[in-house]
There are 2 protein chains.
Amino acid sequence: MRAGQSGNDGASDMTGPAKKRTPRQRDPERTRAQLLEAALHEFADHGFHGARVDRITRAVGCNPRLLYHYFGSKEKLYIAALEHIFADIRAQERELDLDRQEPVQAMRRLVEFTYDFFDGNPLFVKLTRNENLLEGRFIADIAAIRTSSQPLLDAIGAIMARGQAQGVFGHRYDPLQIYVTIVALSAHHLNNGHTLSAIFGIDLLSRDWRSARRAHTVDLVMNALSGADSPQP
Amino acid sequence: MRAGQSGNDGASDMTGPAKKRTPRQRDPERTRAQLLEAALHEFADHGFHGARVDRITRAVGCNPRLLYHYFGSKEKLYIAALEHIFADIRAQERELDLDRQEPVQAMRRLVEFTYDFFDGNPLFVKLTRNENLLEGRFIADIAAIRTSSQPLLDAIGAIMARGQAQGVFGHRYDPLQIYVTIVALSAHHLNNGHTLSAIFGIDLLSRDWRSARRAHTVDLVMNALSGADSPQP
DNA sequence: CGCCTAAGTAAGTATTTTATGAATTAACAT
DNA sequence: ATGTTAATTCATAAAATACTTACTTAGGCG
């Protein structure tokens with residue numbers, strides 16, 4: 001707290017209160033980062049329209065003007081937040097390294113990883129939900145969002161092919177369908193936790209239920225892939 | 001601008017249409033219904049915070065005051081809309097009648113029904129999404145929302161039990177997990193269609209993809225239930 | 001017919017909320 | 001120091017937006 005208190009010079013302030021003359025230590029990077037972090041939470045909790053720039057700046061404890069100085073507008077701040085959160089998933093996905101493992105193990109690892117990602121990133125879940133509410137108005141413009149998606153699908157396709165060749169996997173599904181399935185099983189109860197919980201009178205967001213859900217998800221996907229063939233109509 | 005006078009002074013109106021002199025035929029029920037219908041779409045498309053009462057009344061072509069006359073506030077209108085859309089699903093669900101069919105067929109029917117319900121009710125999907133964005137602030141207060149949920153779970157449990165007894169189903173899962181799974185597989189791509197489409201560069205909301213998804217969903221659930229046992233760790 | 005209530009209209013207002021213009025102050029290179 | 005640039009504050013514009021007050025008119029009912 002080295003900031004130049006030398007407090008009493010605040011006396012020069014004419015308005016009565018004269019409280020926090022503390023002129024906010026200059027640190028543009030920190031300020032920008034704090035704003036982005038606060039925005040992430042604000043947009044996640046209230047959506048774009050429900051979010052208030054005022055709440056964001058108050059959370060950071062800075063002047064509203066700064067938000068516009070650094071980000072230009074509420075919309076641009078939202079885009080920055082979206083971009084930031086999507087960068088994370090790409091980074092994490094890159095560490096998966098599925099090609100070197102046996103098919104069954106690789107698939108299990110992918111499912112567990114995916115489940116844990118959503119379970120551990122409520123901000124991502126919420127921001128994504130809101131972006132879909134906005135009909136994906138901004139997501140398309142974010143560059144580098146499709147970059148590592150094809151590799152992921154390829155990896156899934158490769159795992160299934162290998163598994164089939166080895167005879168451990170049965171019916172071969174479309175990799176995209178499988179991936180959407182994994183994500184659906186992992187995230188739907190998070191996306192719709194409040195309504196589902198209200199409808200069934202059980203808290204689907206509790207630690208216990210989520211833990212059971214994890215096992216169920218892994219179970220189901222492995223079961224689907226290893227099953228010989230789908231029951232015929 | 002002493003409004004009220006008779007028709008032809010519409011010439012003073014600058015915008016072309018000049019329709020509004022017609023003093024809206026009196027029909028309270030119709031007005032109320034129209035407001036509710038418009039609200040359903042407005043809240044679905046923009047969420048609670050993004051929705052504009054002004055747009056709703058303009059869509060109906062009535063005076064803003066009427067909205068408050070009939071519903072009291074934006075919030076109460078939202079609740080009315082939520083209540084209305086949730087009443088539908090309950091009604092439809094009641095027609096299922098799963099107990100009289102063979103287990104495999106009953107389950108297939110349930111999955112298809114559930115898939116088609118979400119696929120055919122975008123308003124329901126969107127309103128639900130928004131209600132979850134609001135952390136279920138209103139859903140809990142809506143009476144009769146839990147009414148027919150337990151019967152549904154019981155029905156699922158019964159189907160699985162019968163299937164197991166007949167030897168057509170293998171491992172027995174928790175009915176709630178199964179139901180959440182069915183819903184997840186049916187609705188996740190609708191809930192997250194825009195982001196997923198952007199990420200993979202494929203339109204998951206197209207008729208073709210949704211049709212493929214339907215088959216995949218049925219396939220997966222039937223496969224999961226009929227599978228002997230899950231692959232062991 | 002004439003009155004009374006409720007449906008409907010016109011025209012605000014109060015408040016919130018995003019956004020800026022311009023002054024002020026710190027940091028830093030020269 | 002000094003001058004320049006960028007960070008921060010102050011004060012407020014400007015626009016939305018939910019909601020109201022005060023009126024008008026239709027139409028059922030005695």
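Naming convention: chains lettered A, B, ... in sequence-line order (proteins, then strands); numbering from 1 in each chain.
- Taking atom CG of A/L67 as the reference point, atom C1' of D/dC10 lies 17 Å away to the nearest angstrom.
- Two residues are said to be in side-chain contact when any heavy atoms from C-beta on lie closer than 4.5 Å; B/L82 and B/I142 meet this criterion.
- A/Y70 has no side-chain polar atom (N or O) that falls below the 4.0 Å cut-off from OP1 or OP2 of D/dA6.
- B/T57 and B/R52 share no donor-acceptor pair across their side chains, judged by distance under 3.5 Å alone.
- The interatomic distance linking B/E42 (CD) with D/dT17 (P) rounds to 10 Å, in whole Å.
- Note: CZ (B/R52) to C1' (D/dA15) measures 12 Å, nearest angstrom.
- Residue contacts shown for B/F71 are absent, as no nucleic acid heavy atom lies under 4.0 Å away.
- Regarding contacts with the backbone of C/dT25, every side-chain N or O of A/R26 stays at 4.0 angstrom or more from both OP1 and OP2.
- Following rounding to the nearest Å, B/D27 (CG) and C/dT9 (P) show an atom-to-atom distance of 13 Å.
- For the residue pair A/Y78/A/E42, the side-chain donor-acceptor check at 3.5 Å is not satisfied.
- Using a 4.0 Å cut-off, no side-chain N or O of A/R65 falls inside it from OP1 or OP2 of D/dT9.
- Taking atom CG of A/L66 as the reference point, atom C1' of D/dC10 lies 12 Å away to the nearest angstrom.
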Could you tabulate the donor-acceptor pairs under 3.5 Å formed by side-chain atoms of residues 113-120 of chain A, not counting sequence neighbours?
unit_1, atom_1, unit_2, atom_2, d
A/T114, OG1, A/L110, O, 2.8
A/Y115, OH, A/H189, NE2, 3.3
A/Y115, OH, A/R210, O, 2.7
A/D116, OD1, A/R214, NE, 2.8
A/D116, OD2, A/R214, NH2, 2.7
A/D119, OD1, A/R210, NE, 2.8
A/D119, OD2, A/R210, NH2, 3.2

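- Atoms CZ (B/R58) and P (C/dG8) sit 19 Å apart, rounded to a whole Å.
- In this structure, A/R32 places its CZ atom 13 Å from P of D/dT8, rounding to the nearest Å.
- With DNA chain D read from its 5' end, the first of the two nearest nucleotides for A/H69 and A/P64 is the one closest to A/H69.
- Contact between the side-chain N/O atoms of B/S73 and the OP1/OP2 oxygens of D/dA18 is not found at any separation under 4.0 Å.
- For B/D54 against D/dA18, no side-chain N or O and base N or O form a donor-acceptor pair under 3.5 Å.
- Between the A/D203 side chain and the A/L205 main chain, a donor and an acceptor come within less than 3.5 Å of each other.
- Here A/Y68 does not reach the OP1 or OP2 of C/dT20: none of its side-chain N or O atoms lies under 4.0 Å away.
- The CG atom of A/N63 sits 12 Å away from the C1' atom of C/dT20 (whole-angstrom rounding).
- Contact annotation: B/T31 side-chain N/O to C/dG8 OP1/OP2 distance is under 4.0 Å.
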